[in-house]
Novice: 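Attaching a single structure in structure tokens format; questions to follow.
Just so it is clear, the structure is predicted and the values come from calculations on it, not from any experiment.
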Amino acid sequence: MRSFELDLHSDAKGGLYYPPVIWTLSNLTNATTPYNGDILKKPGIKVFHVTDFDPDSVCHTFIDCLKQLKSWSDANPRHVPITIDLELKTDAPACSLGGVCPGEATNWTLPRLLNVDAEILSVFPKKQLIRPDDVRKSGLTLEQTILQQGWPKLKDVRGRLLFFFDNDPKPSDPNSPRELYKTGAPSLQNRTVFTNALEGSSDAAFIKYNEPRANGIAEIQRLVKKGYLIRTRADIPIDTILNRTTEMRDLAFESGAQIVSTDFPAWGMSSRWGWDYVARLPGGLAARCNPLIAPEGCKDKDLE
């Protein structure tokens, strides 16, 4: 895998998510909690799936996740760029049970968005990242750059990471994360993370298009050929498994989307439902030449 998704929960003061309601309802003690909850008491962005109900993770803070990514990247400096999907979470499902309530936890202000940048830059030097400033050319918007001149060449960005926000664009809502993050930076000047943007916008370089079925594949292929970086999905848990279909996966790979996300990247993960499904490239490769836009002579084995 060369792409990952991290669910980010803002916690500027620390302790907002401690203790998770699920621990309280389960009558867990300090000796029986799944991990040392002290890490949740400290300020900083936290990483987990669902507030209060699904708080566990292999890395509990954004900083720790970044350090793990950097450790692997440093040990494998010739890797193709790794893309990191950042979903800014706003859920508060356990308020009535004594958990986190809407408000502080669900409000991604501009300072909190810029703190995402700050935490990334506290771990990674800029030379190890692909930032909007590294792509955009002088006198052009970010979108004009990728449509007219394209992305940097692979040889120039090996060993780097690219971060993008997953949240849907809401141009009519000035307080939505994308609109706030663009404040004073319409082409993401001096920003670290790419936005999930709309075609025709100055910040449009990455576009999320999760559905490759029906007319989706044609739209994804159109966007890829124009020059955008596209993320789509191979499956929907657990509908894909219960319906015993590989249609979405097969179309996702055919679409040419540069990022294909899956909840089932390894054999055995779906076997509990009686069907062993996996979304992997042929031969177990981490990356392949793009079926739509790869240059002539590109060979999968040469990527890594």
Side-chain angles (χ1 to χ4, degrees), residues 4-66 84-116 118-119 164-181 193 195-196 208 210-211 233 235-243 261-264 269-270 272-273:
F4 300 88
E5 179 178 338
L6 300 176
D7 291 341
L8 303 188
H9 299 254
S10 181
D11 189 11
K13 297 179 181 178
L16 181 62
Y17 304 102
Y18 182 85
V21 158
I22 192 68
W23 291 10
T24 304
L25 297 179
S26 301
N27 294 318
L28 297 178
T29 66
N30 289 337
T32 59
T33 53
Y35 58 91
N36 183 356
D38 287 344
I39 196 168
L40 297 178
K41 297 178 183 179
K42 301 176 182 178
I45 300 168
K46 305 303 187 296
V47 175
F48 52 84
H49 189 210
V50 180
T51 301
D52 281 311
F53 288 141
D54 188 5
D56 205 1
S57 178
V58 297
C59 49
H60 301 287
T61 70
F62 190 33
I63 293 289
D64 284 344
C65 296
L66 293 170
I84 309 297
D85 177 326
L86 302 177
E87 182 174 356
L88 304 169
K89 301 289 280 197
T90 60
D91 58 307
C95 178
S96 63
L97 298 174
V100 174
C101 291
E104 184 174 3
T106 61
N107 185 17
W108 281 96
T109 61
L110 179 57
R112 291 180 179 183
L113 291 169
L114 296 180
N115 190 46
V116 175
E119 292 202 4
F164 61 86
F165 288 129
D166 173 271
N167 300 65
D168 291 335
K170 298 179 180 179
S172 62
D173 181 3
N175 293 315
S176 63
R178 173 181 172 243
E179 297 306 309
L180 288 173
Y181 194 65
V193 183
T195 51
N196 175 20
K208 180 178 71 174
N210 281 344
E211 181 52 83
R233 293 179 67 177
D235 38 72
I236 300 175
I238 58 173
D239 291 357
T240 297
I241 307 303
L242 297 180
N243 292 328
S261 296
T262 179
D263 281 68
F264 305 95
M269 296 181 70
S270 68
R272 73 184 74 177
W273 291 284

Novice: Within a strict 4.5 Å, meaning less than it, do heavy atoms of the Leu86 and Phe164 side chains meet?
Specialist: no

Novice: Drop me the distance from Glu5's CD to Asp263's CG, to the nearest 0.5 angstrom.
Specialist: 8.0 Å

Novice: So Asn167 and Asn196, side-chain contact (heavy atoms from CB on, under 4.5 Å) or not? Walk me through it.
Specialist: CA-CA 7 Å; Asn167 300 65; Asn196 175 20; over 6 Å; no

Novice: So which atom in Leu6 and which in Cys65 form the shortest heavy-atom distance, rounded to 0.1 Å?
Specialist: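 Closest heavy-atom pair between Leu6 and Cys65: CD1-CB, 4.1 Å.
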
Novice: Show the nearest heavy-atom pair for residues Tyr18 and Gly37, with the distance to one decimal.
Specialist: CD1-O, 3.4 Å

Novice: What pair of heavy atoms forms the shortest contact from Val47 to Ser57, and how long is it?
Specialist: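 That closest heavy-atom pairing would be O-CB, 3.4 Å.
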
Novice: Who pairs with Thr32 by side-chain contact (heavy atoms from CB on, under 4.5 Å), at least two apart in sequence or on another chain?
Specialist: Leu28, Thr29

Novice: Got a sec, which residues hit side-chain contact (heavy atoms from CB on, under 4.5 Å) with Thr24, two or more places apart in sequence or on another chain?
Specialist: Pro19

Novice: Quick one: list whatever passes side-chain hydrogen bond (donor to acceptor under 3.5 Å, both in side chains) with Thr61, sequence neighbours left out.
Specialist: Asp64

Novice: With sequence neighbours left out, write down each residue that passes side-chain hydrogen bond (donor to acceptor under 3.5 Å, both in side chains) with Asp38, or none if nothing qualifies.
Specialist: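 Applying side-chain hydrogen bond (donor to acceptor under 3.5 Å, both in side chains) to Asp38 gives Lys41.
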
Novice: Nearest heavy-atom pair of Pro174 and Leu180: which atoms, and what distance?
Specialist: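 In this case the closest contact between Pro174 and Leu180 is O-CD2, 3.5 Å.
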
Novice: I need the Ile241 CD1 to Ile236 CD1 distance, nearest 0.5 Å.
Specialist: 11.0 Å

Novice: Could you tell me which residues satisfy side-chain hydrogen bond (donor to acceptor under 3.5 Å, both in side chains) with Asp54, sequence neighbours excluded, listed by chain and number?
Specialist: His49

Novice: Please list, chain by chain and in numerical order, all residues satisfying salt bridge (charged side-chain N to carboxylate O under 4.0 Å, His left out) with Asp166, sequence neighbours excluded.
Specialist: Lys208, Arg231

Novice: Rounded to the nearest 0.5 Å, how far apart are CG of Asn115 and CZ of Phe62?
Specialist: 9.5 Å

Novice: So Phe53 and Pro93, do their side chains get closer than 4.5 Å, heavy atoms only?
Specialist: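 Side chain of Pro93 against side chain of Phe53, heavy atoms only: contact under 4.5 Å found.
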
Novice: Under the side-chain hydrogen bond (donor to acceptor under 3.5 Å, both in side chains) test, which residues partner Asp11, sequence neighbours left out?
Specialist: Lys46

Novice: Using the ring-ring contact (aromatic ring centres under 6.0 Å, His included) criterion, which residues pair with Phe48? Sequence neighbours excluded.
Specialist: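 Partners of Phe48 under the ring-ring contact (aromatic ring centres under 6.0 Å, His included) test: His9, Tyr17.
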
Novice: For a quick test of reading the model, state the closest non-hydrogen atom pair linking Trp108 to Ser10 and the distance between them.
Specialist: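 For Trp108 and Ser10, the tightest heavy-atom pair comes out as CZ2-N, 3.5 Å.
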
Novice: side-chain contact (heavy atoms from CB on, under 4.5 Å), that's the test. Do Leu97 and Leu25 meet it? Break it down for me.
Specialist: CA-CA 9 Å; Leu97 298 174; Leu25 297 179; 4.2 Å; yes

Novice: Locate the shortest heavy-atom distance separating Ala12 from Pro43; write the atom from each residue and the value.
Specialist: O-CB, 3.3 Å

Novice: Would you confirm whether Glu119, through its side chain, and Ile45, through its main-chain N or O, come within 3.5 Å as a donor-acceptor pair?
Specialist: yes

Novice: So, using salt bridge (charged side-chain N to carboxylate O under 4.0 Å, His left out) as the criterion, who are the partners of Glu179 when residues are at least two apart?
Specialist: none

Novice: Can you list the residues that meet the side-chain contact (heavy atoms from CB on, under 4.5 Å) rule with Thr195, with sequence neighbours excluded?
Specialist: Arg178, Tyr181, Leu188, Ala197, Asp203

Novice: Residues in salt bridge (charged side-chain N to carboxylate O under 4.0 Å, His left out) with Asp56, at least two apart?
Specialist: none

Novice: When you measure from the side chain of Asp235 to the backbone of Pro237, do you find a donor-acceptor pair of N or O atoms at a distance under 3.5 Å?
Specialist: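 A pair under 3.5 Å: no.
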
Novice: Do Val116 and Leu8 touch side chain to side chain, with heavy atoms closer than 4.5 Å?
Specialist: yes

Novice: Leu242: which residues meet the side-chain contact (heavy atoms from CB on, under 4.5 Å) condition with it, sequence neighbours left out?
Specialist: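 Here the qualifying residues are Ile238, Trp273.
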
Novice: Checking the side chain of Thr51 only, and the main-chain atoms of Asp91 only, is there a donor and an acceptor separated by less than 3.5 Å?
Specialist: yes

Novice: So, do Phe264 and Thr240 sit near enough that their side-chain heavy atoms are less than 4.5 Å apart?
Specialist: no

